[in-house]
Chemist: 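Sharing a structure, written as structure tokens. Questions coming.
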Amino acid sequence: QVHLVESGGGRVEAGGSLTLSCVASRPLATSVQMAWYRQVPGQERDVVASITHDGIKGYIGAVKGRFAISRDIATNTVYLQMNDLTSEDTGIYFCNAFIVGKFTWGQGLQVTVSS
């Protein structure tokens, strides 16, 4: 089974930036879609950004223009660049891969934005 390992979380002041990384333990099929989800305390886990092997990207409206998802096929890594962070971006961020009809999750990273 493939494993997803995340890194890059932390605490940042409002207006700051963070970059999250997620590396897969093996090469993924070209058809696999990658995504970043966020879970806020007391709420469900929801997708914030996604990317296909062909580079087609999607974003939740609240982060469009501030976040950028990218993918390095050669290193089996997906990134999430987060800019102009606000307190509403606080939460646990999970890397996700849709593989053979199933969701595979990273361990989750805490991102805390202070005002």
Side-chain angles (χ1 to χ4, degrees):
Q1 180 64 48
V2 64
H3 299 281
L4 303 177
V5 181
E6 305 174 27
S7 62
R11 186 183 301 271
V12 64
E13 295 183 6
S17 300
L18 285 174
T19 299
L20 308 183
S21 300
C22 172
V23 60
S25 60
R26 65 168 176 81
L28 302 177
T30 57
S31 60
V32 171
Q33 181 169 296
M34 306 291 295
W36 288 95
Y37 285 68
R38 179 172 63 207
Q39 186 163 20
V40 178
Q43 301 184 22
E44 293 78 20
R45 185 181 301 179
D46 294 319
V47 66
V48 297
S50 63
I51 185 171
T52 69
H53 176 77
D54 293 332
I56 301 174
K57 303 172 183 179
Y59 300 94
I60 191 173
V63 308
K64 189 176 182 180
R66 299 188 297 114
F67 289 14
I69 188 171
S70 60
R71 187 175 183 177
D72 188 336
I73 302 298
T75 60
N76 308 317
T77 305
V78 63
Y79 302 92
L80 185 67
Q81 175 67 51
M82 304 184 292
N83 300 313
D84 195 22
L85 288 161
T86 75
S87 60
E88 295 182 348
D89 297 316
T90 292
I92 302 175
Y93 285 73
F94 295 87
C95 181
N96 171 266
F98 189 62
I99 306 172
V100 196
K102 296 182 179 180
F103 289 107
T104 297
W105 298 98
Q107 79 276 17
L109 291 173
Q110 177 67 50
V111 172
T112 302
V113 183
S114 61
S115 59

Chemist: Say you draw a straight line from CD1 of Ile99 to CG of Leu28; how long is it, rounded to the nearest 0.5 Å?
Modeler: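 Spacing of CD1 (Ile99) from CG (Leu28) equals 5.0 Å.
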Chemist: For residues Ala14 and Ser115, report the shortest heavy-atom separation together with the two atoms involved.
Modeler: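 The answer is CB-CA, 4.3 Å.
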Chemist: Given side chains that start at C-beta, do those of Val23 and Leu4 come closer than 4.5 Å, heavy atoms only?
Modeler: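 Not in contact.
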Chemist: Measure across Ala24 and Val2 and return the closest heavy-atom pair with its distance rounded to 0.1 Å.
Modeler: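 Heavy atoms of Ala24 and Val2 come nearest at CB-CG2, 4.0 Å.
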Chemist: Assess whether side-chain contact (heavy atoms from CB on, under 4.5 Å) is satisfied between Met34 and Arg71, documenting all intermediate values.
Modeler: CA-CA 8 Å; Met34 306 291 295; Arg71 187 175 183 177; 3.5 Å; yes
Chemist: Find the distance between CH2 (Trp36) and CG (Leu109) and round it off to the nearest 0.5 Å.
Modeler: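 So the gap between those two atoms works out to 6.0 Å.
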Chemist: With no hydrogens and no angle check, just 3.5 Å: does a side-chain donor-acceptor pair link Gln81 and Thr19?
Modeler: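 Yes, Thr19 and Gln81 have a side-chain donor paired with an acceptor closer than 3.5 Å.
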Chemist: If a pair satisfies ring-ring contact (aromatic ring centres under 6.0 Å, His included) and one of its residues is in residues 75-94, list it, with sequence neighbours excluded.
Modeler: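 The answer is none; no pair qualifies.
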Chemist: Give the intermediate values and the outcome of side-chain hydrogen bond (donor to acceptor under 3.5 Å, both in side chains) for residues Thr90 and Glu88.
Modeler: CA-CA 5 Å; Thr90 292; Glu88 295 182 348; over 6 Å; no
Chemist: Flag yes if Val32 and Val100 sit in one hydrophobic cluster, no otherwise; membership is Ile, Leu, Val, Met, Phe, Trp, Tyr, and two members link when side-chain heavy atoms are under 4.5 Å apart.
Modeler: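 Same hydrophobic cluster.
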Chemist: Is the backbone of Cys95 close enough, under 3.5 Å, to the side chain of Glu6 for a donor and an acceptor to pair up by distance?
Modeler: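 Yes, because the side chain of Glu6 sits within donor-acceptor range (under 3.5 Å) of the backbone of Cys95.
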Chemist: If only side-chain N and O atoms count, and only distance matters, is there a donor-acceptor pair under 3.5 Å linking Asp72 with Thr77?
Modeler: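 No pair is found: no donor N or O on one side chain lies under 3.5 Å from an acceptor on the other.
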Chemist: Quick check on the hydrophobic clustering: are Val47 and Phe103 connected, directly or via other members, by side-chain heavy-atom contacts under 4.5 Å?
Modeler: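 Yes, Val47 connects to Phe103 through the hydrophobic network.
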Chemist: Got a sec, which pairs hit side-chain hydrogen bond (donor to acceptor under 3.5 Å, both in side chains) with one end in residues 59-68, sequence neighbours left out?
Modeler: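 Matches after skipping sequence neighbours: Arg66-Asp89.
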Chemist: Given the side-chain rings of Trp105 and Tyr37, with only the six-membered ring counted for Trp, is the space between their centroids under 6.0 Å?
Modeler: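 Ring centroids of Trp105 and Tyr37 are less than 6.0 Å from each other.
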Chemist: Say whether, by atom type as modelled, one donor and one acceptor occur between the side chain of Glu44 and the main chain of Gln39 under 3.5 angstrom.
Modeler: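 No.
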Chemist: Calculate, to the nearest 0.5 Å, the distance between atoms CG and OG belonging to Leu20 and Ser7 respectively.
Modeler: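 Nearest 0.5 Å value for the CG-OG distance: 8.0 Å.
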Chemist: With distance as the sole test, does Lys57 use its side chain to make a donor-acceptor pair with the main-chain N or O of Ala49 at under 3.5 Å?
Modeler: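 Side chain of Lys57 to backbone of Ala49, a donor-acceptor pair under 3.5 Å: no, none is there.
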Chemist: Mind running side-chain contact (heavy atoms from CB on, under 4.5 Å) on Val63 and Arg38 for me, showing each step along the way?
Modeler: CA-CA 11 Å; Val63 308; Arg38 179 172 63 207; 4.2 Å; yes
Chemist: With rounding to the nearest 0.5 angstrom, report the CD1 to CD distance, Ile92 to Gln110.
Modeler: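 Spacing of CD1 (Ile92) from CD (Gln110) equals 5.0 Å.
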Chemist: Are any non-hydrogen side-chain atoms of Gln1 and Thr104 less than 4.5 angstrom apart?
Modeler: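 SC-SC contact between Gln1 and Thr104 confirmed.
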Chemist: Evaluate the side-chain proximity of Val12 to Thr112: yes if any heavy-atom separation is below 4.5 Å, no if none is.
Modeler: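 The answer is no, as the side chains (C-beta and beyond) never meet within the 4.5 Å cut-off.
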Chemist: Working to the nearest 0.5 angstrom, can you tell me the gap between Phe67 CZ and Asn83 CG?
Modeler: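 With rounding to 0.5 Å, CZ (Phe67) is 8.5 Å from CG (Asn83).
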